[in-house]
Amino acid sequence: MSCNQAGYQAILPLDEVPRPVRRSLTTVAFSKVYGIINLVVGTVLPVAYVLQAGEKERAPHVNVFHISHLDAFYIYLFSVSILSIIVMQFSGMMGTNSCQNSHQAASNFILVGAALFGACGMLSAVFRLGSIVDGSCNEICGAVNAVEAVLAVSFILLLWLFVCANSDKCVRKWRPLARVATMLQWATCMSCWSRDFVREVMEDLAGLSFNETANCGVHAQGHSDSVISDVIINASTQQQVLSHTEEAGDGLNFHHIRDKSSLLLSPGAMEFYLIMSGFMYVMYGNIGKEQTGCRQERARKYMTLQGSYIGLGVGFLSFMTSIAAVIASISSESAENGTGSGKPSQIFNGMTTCVYVLTIPGNLIAHFRMRRSEDWRVEDGRADKLRLTMLLLFISASGLFISSAFTIVASSMTVRSANEVLLLVHEALKFIDISVQVVFLYDVLHRKPPENFNPNFTRQIMMMLVFTNFMFWWANIYELKDVDVFQVQYCFYGSQKWSIVAHLTTPLEIYFRFHSCIMYLEIWMSG
């Protein structure tokens, strides 16, 4: 401040001296605390429900924690979140598009993927509602559970529509209320993710209750791996027999439909909540940004297959090979009849190992070619646009790193046959492949695509990587509940411990492959 300005302010009356604008961060802190509290309660209640199961026999005076008590809290989460979505959408709170200092959410491909994953969550809730109506629910279910299922369907649909319309918009008014509402929606998504994770783990443990002590004992005595495989195959066969017995006694009902479709629906629902929580994080960051009303110029898209036929052929061949390998693995598993030779896992791991031999050099070649190219230059302004895309990429990649690290430890400590050696090589290549892929995608997506269409060898590689990641996405769904694929891990860690690791990391692996397909496809369409 200059001397003249200081003297001028000194002679002004006190009521005319300009005062600094007061800002309070109380609502920011309160919104975050409110979201964390809801998340903690939504995570603790499912775990408490599981831990309390069976305690009634040991402590008859203890009241049973029914599933209705758990669903009552989720009724609160869904109903208040739905109300907040409606208020934010129709009260004029959402402003125009903000392209200066704003966090752009993601591409339309991610929104389409979120719609598919959301459909999985809606179908799961509908099947649960049907099991309540026809009386086939495996728990004591009533009106509270039915209302929770209806609200879950409504929340998924409204949240997806709200995100599609407002993911890159700022807030026009009532910003404190918008912060609280956005954090509540984030907490609802994360709570539903944790609830589905706990439910899937416990349902899987109920079907894999074979004797862990027997498995460890076999390792200690130095017996052959065939005995270990026999235990696992017998447990899997017993689970299938029990399931078929229930179907024969009760007939086809919504509980059986939901149980059989959970292989696809449950990971899909968990991925939907993961994506939506990322969108809520981005939208929360846009609250308080200045609105401008301008839109970013769209990049050119080249949908032609020119310069992609070789990559298309190699990628399609790898995908068809994976289908044949899975069929051969299932056939080998059925033909063993308890011999426990380990052929199913060898076929599956051998196929994916061969694909890693293609994808690792493919990512490296494409990376170095784009770094040397004059057309692909780093653009500083792309960082904010890719905030959500990169966040989801690193979070989902962590699932592959965790599962791969656990598997490397298990296979390196139990090396006695070709099965463990192949698994060790497979996981080491997987670790390298994910590292190279994440580095390449992060670097190239921060570069501006070329102005002119100039297809070359890199475009062939992009098309191949689209198909190989789609193949891995499909393979992850197959291996989620196939006991023979995780044979070494189940024997080394035990059924309960490895089931927790698998159900935590596999949905992240499935989403990582889907997310990678989208990003490779966008690079391919950039020319």
Side-chain angles (χ1 to χ4, degrees), residues 34-35 38-39 41-43 45-46 67-94 105 110-134 137 139 141-167 169 177-178 180-197 199 254-255 257-258 261-262 264-281 283-284:
Y34 179 66
N38 282 281
L39 174 59
V41 176
T43 303
L45 286 181
I67 190 67
S68 298
H69 301 146
L70 175 63
D71 285 349
F73 176 76
Y74 283 90
I75 288 177
Y76 148 74
L77 284 181
F78 287 140
S79 58
V80 178
S81 296
I82 291 172
L83 180 62
S84 65
I85 291 173
I86 295 174
V87 170
M88 292 180 70
Q89 182 64 36
F90 296 103
S91 64
M93 294 174 60
M94 307 308 296
I110 294 183
L111 292 174
V112 173
L116 297 177
F117 295 137
C120 294
M122 295 172 67
L123 282 175
S124 180
V126 168
F127 290 156
R128 185 179 178 216
L129 178 62
S131 67
I132 296 173
V133 174
D134 66 14
C137 184
E139 298 159 333
C141 299
V144 174
N145 311 98
V147 171
E148 187 273 338
V150 173
L151 289 176
V153 174
S154 304
F155 172 73
I156 292 174
L157 180 60
L158 289 177
L159 182 62
W160 182 79
L161 294 174
F162 177 74
V163 166
C164 288
N166 304 291
S167 61
K169 291 184 179 180
L177 178 60
V180 175
T182 305
M183 286 303 298
L184 174 63
Q185 295 158 20
W186 172 82
T188 302
C189 291
M190 294 303 298
S191 298
C192 291
W193 182 90
S194 63
R195 179 194 60 179
D196 291 347
F197 166 69
R199 180 182 296 168
F254 278 101
H255 173 67
I257 295 175
R258 181 171 178 265
S261 60
S262 64
L264 177 63
L265 297 184
S266 296
M270 294 174 67
E271 288 154 16
F272 171 80
Y273 292 126
L274 176 65
I275 297 174
M276 289 297 108
S277 63
F279 274 111
M280 291 300 105
Y281 165 77
M283 294 178 68
Y284 186 88

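Any value given below was found using the heavy atoms of this structure, including those in side chains, with hydrogens, waters and symmetry copies removed.
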What's the separation between atom [atom1] in [X] and atom [atom2] in [Y], rounded to the nearest 0.5 Å?
X	Y	atom1	atom2	result
Ile132	Asn145	CD1	CG	5.0 Å
Phe117	Glu271	CZ	CD	4.5 Å
Leu116	Leu111	CG	CG	11.0 Å
Leu159	Ser154	CG	OG	12.0 Å
Ser266	Asp196	OG	CG	6.5 Å
Glu148	Ser79	CD	OG	11.0 Å

Measuring only between side-chain heavy atoms, which start at C-beta, is [X] closer than 4.5 Å to [Y]?
X	Y	result
Tyr76	Asn38	yes
Phe162	Gln185	yes
Val147	Tyr74	no
Leu161	Leu157	yes
Leu77	Leu184	yes
Met280	Met183	no

Hey, is the main chain of [Y] close enough, under 3.5 Å, to the side chain of [X] for a donor-acceptor pair?
X	Y	result
Trp193	Thr188	no
Ser81	Phe78	no
Ser124	Cys120	no

**Item:** Counterpart residues, ring-ring contact (aromatic ring centres under 6.0 Å, His included), relative to Tyr34 (two or more places apart)
**Value:**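 Not a single residue meets the ring-ring contact (aromatic ring centres under 6.0 Å, His included) criterion with Tyr34.
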**Request:** List the steps, then state whether side-chain contact (heavy atoms from CB on, under 4.5 Å) holds for Leu274 with Cys189.
**Result:** CA-CA 7 Å; Leu274 176 65; Cys189 291; over 6 Å; no
Any idea which heavy atoms bring [X] and [Y] closest together, and the distance?
X	Y	result
Ser194	Thr43	OG-OG1, 3.4 Å
Leu39	Ser191	CA-OG, 3.6 Å
Ala269	Gly121	CB-CA, 3.6 Å
Phe272	Ala114	CD1-O, 3.2 Å
Ile82	Leu151	CD1-O, 3.8 Å
Ile156	Gly118	CG2-O, 3.6 Å

**Item:** Mutual orientation of the aromatic rings belonging to Phe155 and Tyr273 [parallel < 30°, tilted 30-60°, perpendicular > 60°]
**Value:**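 Taking Tyr273 first and then Phe155, their aromatic rings lie parallel (interplane angle under 30°).
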**Request:** Would you check, one step at a time, whether the test side-chain contact (heavy atoms from CB on, under 4.5 Å) holds for Thr182 with Met88?
**Result:** CA-CA 10 Å; Thr182 305; Met88 292 180 70; 4.0 Å; yes
**Asked** Between Tyr284 and Tyr281, does a ring pair (Phe, Tyr, Trp, His ring centres under 6.0 Å) hold up when you go through it step by step?
**Response** CA-CA 5 Å; Tyr284 186 88; Tyr281 165 77; 8.4 Å; no
**Request:** Check the pair Leu265 / Phe127 against side-chain contact (heavy atoms from CB on, under 4.5 Å), numbers first and verdict last.
**Result:** CA-CA 10 Å; Leu265 297 184; Phe127 290 156; 3.7 Å; yes
